Amino acid sequence: MAELLQALREIVSERNVLSGDQISDDYTHDECLNVAPVRPTFVVRPDSAEQVSRILTLANQHRIPVTVRGAGSGLSGACIPDPDGIVLSTERLKKIVIDTDNHVAIVEPGVTLGELDEATAPHGLCYPIQPGEASATLGGNVATNAGGMAAVKYGVTRNLVLGMQFVLPSGEIVESGGKFVKSSSGYDLSQLVLGSEGTLAVVTRIIVKLVPRLSHRMTLLAPFLSVEAITRTVPKIVQSGAGPLYVEYLDALAFAGACRRKNVDLGLPQEITSTAHAYMLILVEGAVGERVQEDAERLAEMCAENGALDVIMLPASKAKLVIDGREESFWSGKEAGMSDQLDVVVPRASLAHFMTEVQNISQATGTFITGTGHAGDGNVHLGIFQPDEQKRGDTIDRIFDLGQRLGGVVSAEHGIGVAKKKYFQKREDPAKLALLRRIKQAFDPNGIMNPGRVFDLEP
Ligand SMILES: Cc1cc2nc3c(=O)[nH]c(=O)nc-3n(C[C@H](O)[C@H](O)[C@H](O)COP(=O)(O)OP(=O)(O)OC[C@H]3O[C@@H](n4cnc5c(N)ncnc54)[C@H](O)[C@@H]3O)c2cc1C
């Protein structure tokens, strides 16, 4: 170990290798509710791809597990390290270049979403993928294929990444893609590394597409009698051509929690708050104010025709608070004792059926379940309140079975990590799992990259 410590110090300097008490609790966990923290042997903080390459070469020679860490905002325990391993923190990999001619940003993986947003704003551009935590890094977004509210309009991380540089455990530095939208030149390795949760390679540079920052926005709030009524309306909203940026839903409890968290009073009449079981939040944006107004009015009519109890155009300041409260629903749930959060996705048209059956599962297992989510994507975030581990596992299993029967998957955007691994492996086709293992073997023959995450190496 002393020899390894010395070698790591020679690569990144003494102050960028942490061990023992120097390793703060931050490096031991992410935000997953039910995976215990683990203290690694070393934390290393490289500042270039060359340093990453030398660290990986060394770890590979000594067969030391390496876990890459961005901001640790993940929700699946994917960046929780191995006790005998190294945490490779990307906190010093912070360069940003904005290329306004090609409408791309070239960023190092430790850049946070908040930092990229600040850098793009003066150019009238933005990176539109906004998973709910602005402290998350671009490296973490790539590794989890993050989504968020704007996915209904812009897609998820994999739709916005044009290229990347990554480092293999062998130390080889690989370039993939570039500042262009089209490529028909062999396998797309960026797409393979996207969503691989640090199990294949360390991403050291990312080229992302930027889009115009649209200045006109309107937000609609539509209370409905049931979540099912909302989910039946969603496909019509998506098909309207208005191209909303957000189509979110919150059940009544999550909505009340969001408003209370942000201390916002919308002055809704009691006959609405006492009958509405769910709320739809729609944000429309555009370059021309009148057009945004027209689109918002059209969507409001559509909501009314489909059973909305009312449709309220929220003033910008209140809209921001409600949206922020919705973004922070994970923290509200956590404070209220939530024991798990699922991010199942099903085909958009199956969401109504899914939500009805989830209510049946909730009753059958005696588990309280609350929901918010990216209704426009068929992706719900279910807060599971069930302290009994066995009953919780049973409830989650039933929900995942239901999602699978409807053509969905275990995780839409939070990833598998360790928290969802057993549920993922149980449902995957063995032939596909075998292929995943062969791919892992090709990238990482000694199995040092974030071992035990996503799937086990042995069937
Ligand atoms: C309140 C809250 C709301 C959230 N809302 C959303 C949401 O709406 N949508 C959504 O998609 N997610 C959401 N998340 C989850 C989280 O923000 C995302 O998963 C995010 O992408 C993780 O980024 P990170 O930098 O924190 O990564 P980390 O948690 O540090 O790491 C996540 C994974 O990425 C790997 N990794 C990190 N950097 C690299 C790299 N350079 N190379 C290779 N692998 C790497 C890690 O090893 C790990 O496997 C939310 C989280 C919170 C706390």
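Model, not experiment: these values are computed from the prediction. All ligand and atom numbering here is 1-based and tracks the order in the structure.
On a distance-only criterion, E197 and ligand 1 share at least one N/O pair closer than 3.5 Å. Of the N or O atoms in C79, none lie within a sub-3.5 Å distance of an N or O in ligand 1. For a threshold of 3.5 Å applied to N or O pairs, the pair formed by V68 and ligand 1 contains at least one separation below that value. At under 3.5 Å, a nitrogen or oxygen of E413, whether backbone or side chain, sits near a nitrogen or oxygen of ligand 1. Looking at ligand 1, you won't find any N or O of H381 less than 3.5 Å from one of its N or O atoms. In terms of polar-atom proximity, defined here as any N/O pair under 3.5 Å, N141 does make such a contact with ligand 1. Between A143 and ligand 1, a contact under 3.5 Å exists for no N or O pair. The shortest N or O to N or O distance between V203 and ligand 1 is under 3.5 Å. Residue-to-ligand polar distances keep T90 apart from ligand 1: every N/O pair is separated by 3.5 Å or more.
Closest to atom 43 (C) of ligand 1, if we only count protein heavy atoms, is A201 O, 3.4 Å. Counting only heavy atoms of the protein, atom 28 (P) of ligand 1 lies nearest to G72 N, 3.6 Å. Atom 25 (O) of ligand 1 has its closest protein heavy atom at T137 OG1, 2.6 Å. For atom 48 (C) of ligand 1, the closest heavy atom belonging to the protein is A78 CB, 3.6 Å. Here the protein heavy atom with the shortest distance to atom 8 (O) of ligand 1 is G132 N, 3.2 Å. Looking only at protein heavy atoms, the nearest one to atom 11 (O) of ligand 1 is G147 N, 2.9 Å. For atom 50 (C) of ligand 1, the nearest non-hydrogen atom of the protein is L75 CD1, 3.7 Å.
Of the heavy atoms in P109, only side-chain atoms (C-beta onward) come closer than 4.0 Å to ligand 1. The part of H374 lying near ligand 1 is the side chain, judged by heavy-atom distances below 4.0 Å. Of all the heavy atoms of T204, none lies under 4.0 Å from any atom of ligand 1, so neither backbone nor side chain is involved. When non-hydrogen atoms are compared, ligand 1 lies under 4.0 Å from the side chain of T144 (C-beta onward) but not from its backbone. Using a 4.0 Å cut-off between heavy atoms, S135 makes no contact with ligand 1 at all. With a 4.0 Å cut-off on non-hydrogen atoms, M149 does not touch ligand 1 at all. In F166, neither the side chain nor the backbone holds a heavy atom less than 4.0 Å from any atom of ligand 1.
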key: Worked check of side chain to side chain contact (heavy atoms under 4.5 Å, CB included) between Y154 and L245   = CA-CA 8 Å; Y154 289 108; L245 181 66; 3.5 Å; yes

task = For the pair D456 and K422, evaluate salt bridge (charged side-chain N to carboxylate O under 4.0 Å, His left out) and give the outcome as yes or no after the intermediate values.
result = CA-CA 9 Å; D456 293 316; K422 69 173 178 188; over 6 Å; no

query = Hey, mind stepping through R69 and D30 against salt bridge (charged side-chain N to carboxylate O under 4.0 Å, His left out) and telling me if it holds?
reply = CA-CA 9 Å; R69 181 185 173 85; D30 64 2; over 6 Å; no

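Comment: R261 engages E335 in a salt bridge, judged by a side-chain N to carboxylate O separation of less than 4.0 angstrom. A salt bridge is absent between K94 and D47; no separation between the charged side-chain nitrogens and carboxylate oxygens falls under 4.0 Å. Between E285 and R217 there is a salt bridge, since a side-chain N of the basic residue sits under 4.0 Å from a carboxylate O of the acidic one. Under a 4.0 Å N-O distance rule, the pair D397/R427 qualifies as a salt bridge. Using a 4.0 Å cut-off between charged side-chain N and carboxylate O, D99 and K179 make a salt bridge.
Residue contact check: G148 has heavy atoms under 4.0 Å from atoms 8 (O), 9 (N) of ligand 1. Every atom of ligand 1 is numbered from 1 in the order shown, and the set under 4.0 Å from a heavy atom of A146 is 11 (O), 21 (O). Listed by number with element, the atoms of ligand 1 under 4.0 angstrom from any heavy atom of A136 are 17 (O), 20 (C), 23 (O), 25 (O). Within ligand 1, counting atoms from 1 as listed, the ones closer than 4.0 Å to a heavy atom of V202 are 42 (N). Here is the list of ligand 1 atoms found below 4.0 Å of a heavy atom in N450: 47 (O), 49 (O).
Residues D444 and T199 have side chains not in contact (no heavy-atom distance under 4.5 Å, counting atoms from C-beta outward). Proximity of E133 to F330: side-chain heavy atoms (C-beta onward) are nowhere separated by under 4.5 Å.
Annotation for H374 and E248: closest pair ND1-OE2, 2.7 Å, computed over non-hydrogen atoms.
A donor and an acceptor atom, one from each side chain of D84 and T41, are nowhere located under 3.5 Å apart.
Contact annotation: S329 has no heavy atom less than 4.0 Å from any atom of ligand 1.
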